[in-house]
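Note that ligands are numbered from 1 as they come in the structure, with each ligand's atoms numbered from 1 the same way. If you're wondering where the values come from, they're calculated on a predicted model, not measured in any experiment.
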Amino acid sequence: MNSKSPNSTFPENVVVSGKPDGPLIIAGPCSAESESQVLSTARQLAKIPDVRIFRAGVWKPRTRPNGFEGVGVEGLRWLQKMKAETGLYTAIEVANTFHVDEALKHDIDYLWIGARTSVNPFSVQEIANALKGVDIPVLVKNPVNPDVNAWIGALERVSQAGIKKLMAVHRGFSTYEKTPYRNAPKWEIPIELKRQMPEIPIISDPSHIGGNRKSIAELSQKAMDLAMDGLMIECHMNPDAALSDASQQITPDSLEKILKNLKIRKPEGNGLNDQHTLETLREEMDSADNALLEAIGKRIEITRKLGDYKKNHNMTILQVNRWQQVLEDRVHQAQHLGLDEKLVKDIYQILHNQSVKIQSELLNEDA
Ligand code: PEP
Ligand code: MN
């Protein structure tokens, strides 16, 4: 059994890493482009013992029309041939009933639901219905929007169709914010998924998070450090010439190097000594949190007194100058304490919103 986090274990019969305790590695091109591209990439990947599953999209969800939209059913035959020759398992994306039917007809081993599909409950339900009574591993990518409930909902729909071999794929989230990545990782969302569904292994997709080759190593390491259970990485024999996602695909050689340099740590550390230190630090953390919560409680009590005062003196809740001064002062203190300025600003923004809410409720209590 292969397990990277305290609770999630790969479902029975799901192929696991070549290494004990290693992450599950899924690799292959963004798209199947030709028989020779599929075969030559797979032959290289098959030499890397960690790689057990070969991914390739045959129907591609492209942002704009008239681009390369995948080779369709023909690609499934190339994948069958690839599996017969190399022994690698096959994984493709499915977005509708037709895709599911064709994948099953061609003995595809793993199916994944893409980010543009998992966002739509109608589409996920259609796929789930087509999978009723079928025993196949299914991976559900996070929806494009950062909504953990939509991701959970998609996993539940597939699970309720009777799929037991269920996994999640973290591929990052669309955002208008400027980030160094194609899709913002928002690690707190896969962490929350893990908290709510600890039994579901999460595979990280640094290719679609990063959107560029140079981020893959660093994002893969981060995923491992956060106890993710595997990696899905796009690989192409000639990445620059790829028909889709060229800038993020890497060669099988680069993949091998990245995997070799990965540091795999265990959630439980190296034994009793580590456990002891961990317990002590956790106790310290618990008591620090206790003090923090008491301080927040005290602050809220003062907020109420201020609210009463303002009400009795017919004052507005907000005195912009005072708020400005509080924020500047706290940020200044934060700098002295070596705290991150943005963190402190964000915390005070939340505390201030709460104060305004409490005081405005007080003000209108008898109205
Ligand atoms: C893909 O895996 O090639 C793909 C289209 O992914 P996503 O659904 O994450 O965009
Ligand atoms: Mn892709």
Any idea which atoms of ligand 1 are less than 4.0 Å away from a heavy-atom of [X]?
X    : result
C30  : 3 (O)
W112 : 2 (O)
G114 : 8 (O)
E234 : 1 (C), 3 (O)

| remark: Looking only at protein heavy atoms, what sits closest to atom 8 (O) of ligand 1 is A115 N, 2.8 Å
Would you check the N or O atoms of [X], main chain and side chain alike, for any that come under 3.5 Å of an N or O of ligand 1?
X    : answer
K141 : yes
E93  : no
H208 : yes

| note | Residues pairing under side-chain hydrogen bond (donor to acceptor under 3.5 Å, both in side chains) where one sits in residues 64-85, two or more places apart or in two chains, turn out to be E35-K81, R43-E85, K83-D109
Could you tell me if [Y] and [X] have a donor-acceptor pair between their side chains, going purely by distance under 3.5 Å?
X    : Y    : value
S254 : T251 : yes
T97  : E126 : yes
Q325 : D329 : no

| task | To the nearest 0.5 Å, tell me how far E93 CD sits from H99 NE2. | result | 8.5 Å
| query | How long is the gap from CZ on R55 to OG1 on T90, to the nearest 0.5 Å? | reply | 13.0 Å
| query | Among the clusters formed by ILVMFWY side chains lying less than 4.5 Å apart, do L318 and Y309 turn up in the same one? | reply | no
| said: Between K263 and D225, does any NZ, NE, NH1 or NH2 come within less than 4.0 Å of an OD or OE carboxylate oxygen? | reply: no
| task | Before accepting this row, confirm whether a basic side-chain N of the pair D229/K194 lies closer than 4.0 Å to the acidic partner's carboxylate O. | result | yes
| Under-4.0 Å heavy-atom contact with ligand 1, by part of M232 that carries it | neither
| field | Candidate with minimal heavy-atom separation from atom 2 (O) of ligand 1, of R55, R171, R182, K60 | value | R55
| query | Is the side chain of S31 donor-acceptor paired with the backbone N or O of S244 at a distance under 3.5 Å, no angle test? | reply | no
| query | For the Mn ion (ligand 2), which protein N/O/S atoms are closer than 2.8 Å? | reply | C30 SG, H208 NE2, E234 OE2, D245 OD2
| request: Kindly check if the number of other-residue, nucleotide or ligand heavy atoms within 6.0 Å of CZ (F173) is above 12? | output: yes
